[in-house]
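What follows is a short report on a single structure.
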4 protein chains.
Amino acid sequence: VCWKSEERIEPGSAEKFIKGTLLKLQHLSVIEHAVATVRFVCDRGVSHEMVRHRIASFSQESTRYANYAKAKFDSQITVIEPPGLSGVQRATWIEAMEAAERAYLSLIASGAKPQIARAVLPTCLKTEIVVTANLREWMHIFELRCSPAAHPQIREVMLIARSHLTAVYPELFPSFVVEDVAK
Amino acid sequence: VCWKSEERIEPGSAEKFIKGTLLKLQHLSVIEHAVATVRFVCDRGVSHEMVRHRIASFSQESTRYANYAKAKFDSQITVIEPPGLSGVQRATWIEAMEAAERAYLSLIASGAKPQIARAVLPTCLKTEIVVTANLREWMHIFELRCSPAAHPQIREVMLIARSHLTAVYPELFPSFVVEDVAK
Amino acid sequence: VCWKSEERIEPGSAEKFIKGTLLKLQHLSVIEHAVATVRFVCDRGVSHEMVRHRIASFSQESTRYANYAKAKFDSQITVIEPPGLSGVQRATWIEAMEAAERAYLSLIASGAKPQIARAVLPTCLKTEIVVTANLREWMHIFELRCSPAAHPQIREVMLIARSHLTAVYPELFPSFVVEDVAK
Amino acid sequence: VCWKSEERIEPGSAEKFIKGTLLKLQHLSVIEHAVATVRFVCDRGVSHEMVRHRIASFSQESTRYANYAKAKFDSQITVIEPPGLSGVQRATWIEAMEAAERAYLSLIASGAKPQIARAVLPTCLKTEIVVTANLREWMHIFELRCSPAAHPQIREVMLIARSHLTAVYPELFPSFVVEDVAK
């Protein structure tokens, strides 16, 4: 439509058009017409970074309305273990999680609403967040969040998301050798 | 995900959820995860208004790169007639169009690039523009652009777009009686 | 500029123009040219909601780079007490805060980086966030966040912000009687 | 605020902070808190490109409401001459402008509203547009629009805008030698 060159569309022309023209000329607005939706399971420290991306839509598990004392959460609070803890550090972290859970359940039991009791929930509380963004924005998100400078936990989930999008759109999200995720 | 109420999903629950919960509580961020893409044919006065919507993606026929003197445009320039012209006004408009076309073709013939020759092209030049927006943004666009206060020509094309989306998403874009489009 | 009516500018005309024309016709894009910057002190549950506003700019105290074990934080972690706690609830909350602080300091002492140790920090961790938005966006933010449906703690800080902006721009942010903040 | 390093603020520290830290680390969100407003006089081909920048606010002379037949426009229509016309091309362009003006005035005289008569106005119609954007966005706008790949007329006005911002913020908008504007 931009160049009124529709007559040049034929089998296989799209891939060439994307690589040879759009990416080369950085005429990336065309790539915005396709979107991808990803459901992330991460902690709330990570989700707080994610929602800073403006050109995206988010639906997130709400600490105002989700009551983690309820049966559907098995009356227990799911958390995400931070990477690289030593044995002693892990014991410290587990103790802190148990203290936070006890406090939350006690506050709820004594009548506090979830939106008040959430005060004691830790940053590593597990959250679910559904993110929809256009492909140009995903390119930008991955550039920032798959970088070694990113927080290791947002990097971890974004590398997984990128590998899924790479499988679908190899022209846009080239296949990277990701040797250091497991570290 | 927001309320961790996935266990309540069942056949027919989506429509009820949209009407009875999301629209009622104005919890509209959920509706942002679906997008719709519309190709408009309109004039450049109308497209100049369209591209002011920020939460949308656009690909538009370029007056920098499209050469309207070329065979693929039949060596003639397509324009959109404004509504409601009297016979005399229509003759004035046609004469102006012919003068603009003559000037454009003459400039191109004498070596001017399309991006310079476009100076003489009229506001009512036909343009094509592909617009992708999420459904919440389309609700907002239609609210503004289907209003009687909108420019009659953006209203005309937006009413058509809305009727298409109404057919697909009747919960979000209720069916309006549009008695005055033809006027 | 929109109506080329600059010749009608005179002392006192701006207020009339805003109330009698811009607000009345909802021609609010004009109001976007002025911005206001507010520094909030709130908890990270509240800041996680704030940063969802897209048409705004944020600079926030980083849990990746701020080391709360350092002298500049007095080697102690500042938290925000949630509203409406009973005596027993308050004791539960304080105990949880002390457990979280002990765990954080212990993790840092054993060599964890702040960006890992933050896992144990509570949702009610005090954060500072500087928010710049244009006045139209502030109108929208206040509409959502000063509503009784908002979380009580985002509402509390937003009512304060609104009262400051009301003092500067009484036409845009009318003076409300806010009787229920203290509750 | 991000690093809680306020105690390091002293005379002259801001410039060092911007150059040595923010620009170096590309921690550019901080720069978003300052905005600049520029009033451009350009043609409507150029303004149609300008308003594609999403993170900006615009107030533009309206072809719906400005009646160019009125005395305040001296009953004549102002246009912007495209660059690089030869003598013959210039004569063609002037003739086209006169035809467009005659048609517009005739349509208005016969009762057409400005929003209908605008159909015959040329792309090179002079328009005024006030643009407010944050400094990070201006950096981005200048990168795209001051490039030799940009349309020569948007480049021309953007180079002027950039030179003004360079004078105020030399750290952000380094002084370029702009040898080719006049060509």
Side-chain angles (χ1 to χ4, degrees), chain A residues 43-45 47-58 60 62-64 79-86 88-113 115-125 127 150-154, chain C residues 43-45 47-58 60 62-64 79-86 88-113 115-125 127 150-154:
Chain A
D43 79 10
R44 288 186 64 88
S47 70
H48 203 318
E49 293 196 5
M50 275 188 194
V51 297
R52 290 290 294 273
H53 291 281
R54 292 173 174 114
I55 314 289
S57 297
F58 304 97
Q60 183 174 5
S62 165
T63 52
R64 293 189 66 194
V79 291
I80 309 260
E81 184 179 337
L85 297 184
S86 70
V88 175
Q89 287 174 332
R90 193 158 187 269
T92 301
W93 173 73
I94 289 172
E95 198 182 339
M97 294 304 100
E98 290 171 345
E101 184 177 63
R102 271 198 311 276
Y104 182 84
L105 297 177
S106 161
L107 287 170
I108 294 288
S110 70
K113 287 185 185 169
Q115 70 175 6
I116 297 300
R118 76 172 186 187
V120 300
L121 292 175
T123 301
C124 64
L125 180 72
T127 191
H151 189 281
Q153 290 177 284
I154 198 168
Chain C
D43 79 12
R44 287 186 64 89
S47 70
H48 203 320
E49 294 195 4
M50 275 187 193
V51 297
R52 290 290 295 274
H53 291 281
R54 293 173 175 114
I55 315 288
S57 298
F58 304 97
Q60 183 175 5
S62 166
T63 52
R64 293 189 66 194
V79 291
I80 308 262
E81 183 179 337
L85 297 184
S86 69
V88 174
Q89 288 174 331
R90 193 156 186 269
T92 301
W93 174 74
I94 288 173
E95 197 181 341
M97 294 303 101
E98 289 170 345
E101 185 176 60
R102 270 197 312 276
Y104 183 84
L105 297 177
S106 160
L107 287 170
I108 294 287
S110 69
K113 287 187 185 166
Q115 71 176 5
I116 297 300
R118 77 174 185 185
V120 300
L121 291 175
T123 301
C124 64
L125 180 71
T127 191
H151 189 282
Q153 289 178 283
I154 198 169

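Below, read A as the first sequence line, B as the second, and so on, with proteins coming before strands; counting in each chain starts at 1.
With rounding to the nearest 0.5 Å, the separation of NE2 in C:His48 from OG1 in A:Thr63 is 8.0 Å. Going from atom CG of C:Leu107 over to atom CZ of A:Arg90 covers 12.5 Å, rounded to the nearest 0.5 Å.
For chain C, no part of A:Leu125 is nearby; none of its heavy atoms comes within less than 4.5 Å. Of the two parts of A:Glu81, neither the backbone nor the side chain holds a non-hydrogen atom closer than 4.5 Å to a non-hydrogen atom of chain C. For A:Tyr104, no part lies under 4.5 angstrom from a heavy atom of chain C. In this structure, chain C has heavy atoms under 4.5 Å from both the backbone and the side chain of A:Ser57. Only the side chain of A:Arg64 comes within less than 4.5 Å of a heavy atom in chain C; its backbone stays farther off. Contacts of A:Ala100 with chain C are absent, with no heavy-atom separation under 4.5 Å from either backbone or side chain. Only the side chain of C:Leu85 comes within contact range of chain A, with heavy atoms under 4.5 Å apart. At a 4.5 Å heavy-atom cutoff, A:Ala117 makes no contact with chain C through either its backbone or its side chain.
In this structure, the side chain of C:Thr123 engages the main chain of A:Leu121 through a donor-acceptor pair within 3.5 Å.
Considering only heavy atoms from C-beta on, A:Pro152 comes within 4.5 Å of C:Gln115 through its side chain. Between A:Arg102 and C:Glu95 the shortest side-chain heavy-atom distance does not fall below 4.5 Å.
The two residues A:Ala112 and C:Gln89 make their nearest non-hydrogen contact at N-NE2, 3.5 Å.
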### Query
Going through the checks in order, is the side chain to side chain contact (heavy atoms under 4.5 Å, CB included) test met by A:Met97 and C:Val120?
CA-CA 7 Å; A:Met97 294 304 100; C:Val120 300; 3.9 Å; yes
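In terms of non-hydrogen atom pairs under 4.5 Å with chain A, the most contact-rich of C:Cys124, C:Pro122, C:Ala119 is C:Ala119. Chain A forms the most heavy-atom pairs under 4.5 Å with one residue out of C:Gly111, C:Gly45, C:Ser86, C:Gly84, and that residue is C:Gly45.
Contacts of C:His151 classified as ring pair (Phe, Tyr, Trp, His ring centres under 6.0 Å), with partners at least two apart in sequence or in another chain: none. Applying the side-chain contact (heavy atoms from CB on, under 4.5 Å) rule to A:Thr127 yields the partners A:Cys42, A:Arg44, A:Ser47, A:Gln60, A:Glu61; only residues at least two apart in sequence or on another chain are considered.
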